[in-house]
Amino acid sequence: MSRAGKVYLVGAGPGDPKLITVKGLECLQQADVIIYDRLANPALLEYAPKTAERIYCGKLPDNHTLQQEKINELLAEKALEGNVVVRLKGGDPCVFGRVGEEAEHLAERGIPFEIVPGVTAGIAAPAYAGIPVTHREHGSSYAVVTGHLREDKPELATDKWRALATGIDTVAFYMGVANLSLIRTQLIKHGRDPQTPVAIISWGTLPQQVTLTGTLENIEERMATNSQITNPAIILVGDVVQLRDKINWFEATLESANTPVS
């Protein structure tokens, strides 16, 4: 009798492979099949057995290797064959990772699964940029928001924008670079001070991390002259951003390591 299959829906962390959890690493070490995303650091695949099947299903906005429905079916198919399947997702699988859809699909078919949380980019990238998302003097509330803004007419989502603008101290927008103009305009329109600090952190926690800072008023102008900022990126809005001037530890370390010794 073959062993029962099982699926582990694992958060790979925000980029730095050392930020995966111990449990996530243990799942990789016992995997028969790994189905992994674009933002899961490929270095993590080295921890899996050499015999494990590796299946890439990364997604770009207009280029999906596999549609979500096909991924759901693939997870079930591989598990029903008796495999230990690891679905490896960048960041935390429950934060814009569509893990709910995958878990529902498995549950409906009676396939055992576990959700293994990971470190989400909306906290990790700011931390590596020297910005804690909460601080007793600068921000006691924090929200994460998709930057894709799926509403047919997002500019009419008045209640949501008002809540973000006036009710939350620190707001992290995921993958919102293409919608930066809309984000800053709507926040100001619904009551956020135009002088509120903003940071855009690209490729957070990785050696190529780049951070651009400004205010809601001028961040779009600054972005227009900075070609280094690309997705994946976190847009962080809030007074906590000003702490970067004091505690920018990661990029300062990178600069120091790259400075020639005279």
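What's counted below: heavy atoms across the whole structure, side chains too, no hydrogens, waters or symmetry copies. Everything numeric here is computed off the predicted structure, so don't read it as measured data.
Taking 4.5 Å as the limit, some side-chain heavy atom of Pro14 sits within range of a side-chain heavy atom of Leu19. Between Val10 and Pro93, the closest side-chain pair of non-hydrogen atoms is not below 4.5 Å. Side-chain contact between Val237 and Thr170 is absent, with no heavy atoms from C-beta onward closer than 4.5 Å. Residues Leu216 and Gln195 fail the side-chain proximity criterion, which asks for heavy atoms closer than 4.5 Å. Two residues are said to be in side-chain contact when any heavy atoms from C-beta on lie closer than 4.5 Å; Val177 and Thr230 fail this criterion. Taking 4.5 Å as the limit, every side-chain heavy atom of Ile131 sits out of range of all side-chain heavy atoms of Leu243. The shortest side-chain heavy-atom distance between Val198 and Leu236 does not fall under the 4.5 Å cut-off. Within the 4.5 Å cutoff, the side chain of Arg222 has no heavy atoms near those of the Asn226 side chain.
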Item to check | Evaluation steps, side-chain contact (heavy atoms from CB on, under 4.5 Å), between Ile55 and Val33 | outcome: CA-CA 8 Å; Ile55 302 172; Val33 180; 4.0 Å; yes

Item to check | side-chain contact (heavy atoms from CB on, under 4.5 Å) assessment of Glu251 paired with Arg244 | outcome: CA-CA 11 Å; Glu251 289 167 49; Arg244 174 175 161 81; 3.0 Å; yes

Next on the checklist: side chain to side chain donor-acceptor pair (under 3.5 Å) for Gln209 and Ser202? Distances and angles first, verdict last.
Outcome noted: CA-CA 6 Å; Gln209 175 177 308; Ser202 180; over 6 Å; no

Next on the checklist: Could you go through Ile35 and Val86, starting from their C-alpha distance and side-chain angles, then the distance that decides it, and tell me whether this counts as side-chain contact (heavy atoms from CB on, under 4.5 Å)?
Outcome noted: CA-CA 6 Å; Ile35 301 172; Val86 171; over 6 Å; no

Checklist entry - So Ile111 and Leu75, side-chain contact (heavy atoms from CB on, under 4.5 Å) or not? Walk me through it. => result CA-CA 10 Å; Ile111 298 171; Leu75 290 170; over 6 Å; no

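What you find for Val133 and Gly122 is that their closest heavy atoms are CG1-O, 3.6 Å. Among all heavy-atom pairs drawn from Asp239 and Pro197, the shortest one is OD1-CD, 3.4 Å. Thr21 and Pro117 make their closest contact through CG2-O, 3.6 Å (heavy atoms, listed as atom of the first residue, atom of the second, distance). Taking all atoms of both residues into account, the shortest heavy-atom contact from Leu164 to Ala143 is CD2-CB, 4.4 Å. Of all heavy-atom pairs between Ser141 and Gly167, the closest is OG-O, 4.0 Å. Heavy atoms only, all atoms of each residue included: Gly191 and Ala165 are closest at N-CB, 4.2 Å.
Side-chain N or O atoms of His105 include none that pairs as donor or acceptor with a backbone N or O of Glu101 at under 3.5 Å. At least one donor-acceptor pair under 3.5 Å links the side chain of Arg54 to the backbone N or O of Leu45. Distance alone, capped at 3.5 Å, places no donor-acceptor pair between the Lys6 side chain and the Phe113 backbone. Between the side chain of Arg87 and the main chain of Leu9, no donor-acceptor pair closer than 3.5 Å is present. Formation of a donor-acceptor pair under 3.5 Å by the Asn83 side chain with backbone atoms of Lys78 is found in this model. Here the side chain of Trp203 pairs no donor or acceptor atom with the backbone of Ile229 at under 3.5 angstrom. The backbone N or O of Gly11 sits nowhere less than 3.5 Å from a side-chain atom of Asp92 that would complete a donor-acceptor pair. Not a single donor-acceptor pair under 3.5 Å links the side chain of Thr185 to the backbone N or O of Leu182. For Thr196 (side chain) and Asp193 (main-chain N/O), a donor-acceptor pair under 3.5 Å exists by modelled atom type. One N or O on the side chain of Asn218 and one on the backbone of Thr215 form a donor-acceptor pair closer than 3.5 Å.
For the side-chain contact (heavy atoms from CB on, under 4.5 Å) criterion with Leu88, the lone passing option out of Leu39, Asn41, Ile34 is Ile34.
Taken from OG1 in Thr146 to CG in Asn179, the straight-line distance is 8.5 Å, to the nearest 0.5 Å. Taking CZ of Arg184 as the start and CZ of Arg192 as the end, the distance is 14.0 Å to the nearest 0.5 Å. Here the OH atom belonging to Tyr8 is positioned 10.0 Å from the CD atom belonging to Glu26, to the nearest 0.5 angstrom. Once rounded to the nearest 0.5 Å, the distance linking CD of Gln228 with CD1 of Ile200 reads 12.5 Å. Atom CD of residue Gln186 and atom CD1 of residue Ile188 lie 10.0 Å apart, to the nearest 0.5 angstrom. Summarising the geometry, atom CD belonging to Glu221 is positioned 10.0 Å from atom CD1 belonging to Ile219; distances are rounded to the nearest 0.5 Å.
Hydrophobic clustering of Ile, Leu, Val, Met, Phe, Trp and Tyr side chains at less than 4.5 Å, counting indirect connections, keeps Val144 apart from Ile168. Cluster annotation: Val240 and Ile183 are assigned to distinct hydrophobic clusters (Ile/Leu/Val/Met/Phe/Trp/Tyr, side-chain heavy-atom contacts under 4.5 Å, transitive). Note: the hydrophobic cluster containing Ile234 does not contain Leu206 (ILVMFWY, side chain heavy atoms under 4.5 Å, direct or indirect links). Under a hydrophobic clustering in which Ile, Leu, Val, Met, Phe, Trp and Tyr are joined whenever their side-chain heavy atoms come within less than 4.5 Å, directly or via other members, Phe173 and Leu212 fall into the same cluster. Connection of Leu180 to Met175 is not established within any shared hydrophobic cluster, with ILVMFWY side chains joined at heavy-atom distances below 4.5 Å, either directly or through further cluster members.
Among pairs with a residue in residues 123-139, those fulfilling side chain to side chain donor-acceptor pair (under 3.5 Å) read Asp16-Tyr128, at least two apart in sequence or across chains.
With 3.5 Å as the limit, one finds a donor-acceptor pair spanning the side chains of Gln68 and Glu102.
Ring geometry for Phe96 against Tyr174 counts as perpendicular: the plane angle is over 60°, on a 0 to 90° scale with 30° as the lower cut.
With ring centers used as reference points, Tyr56 lies under 6.0 Å from Tyr36.
Electrostatic pairing of Arg98 and Glu104 does not count as a salt bridge here, judged by no charged N lying under 4.0 Å from a carboxylate O.
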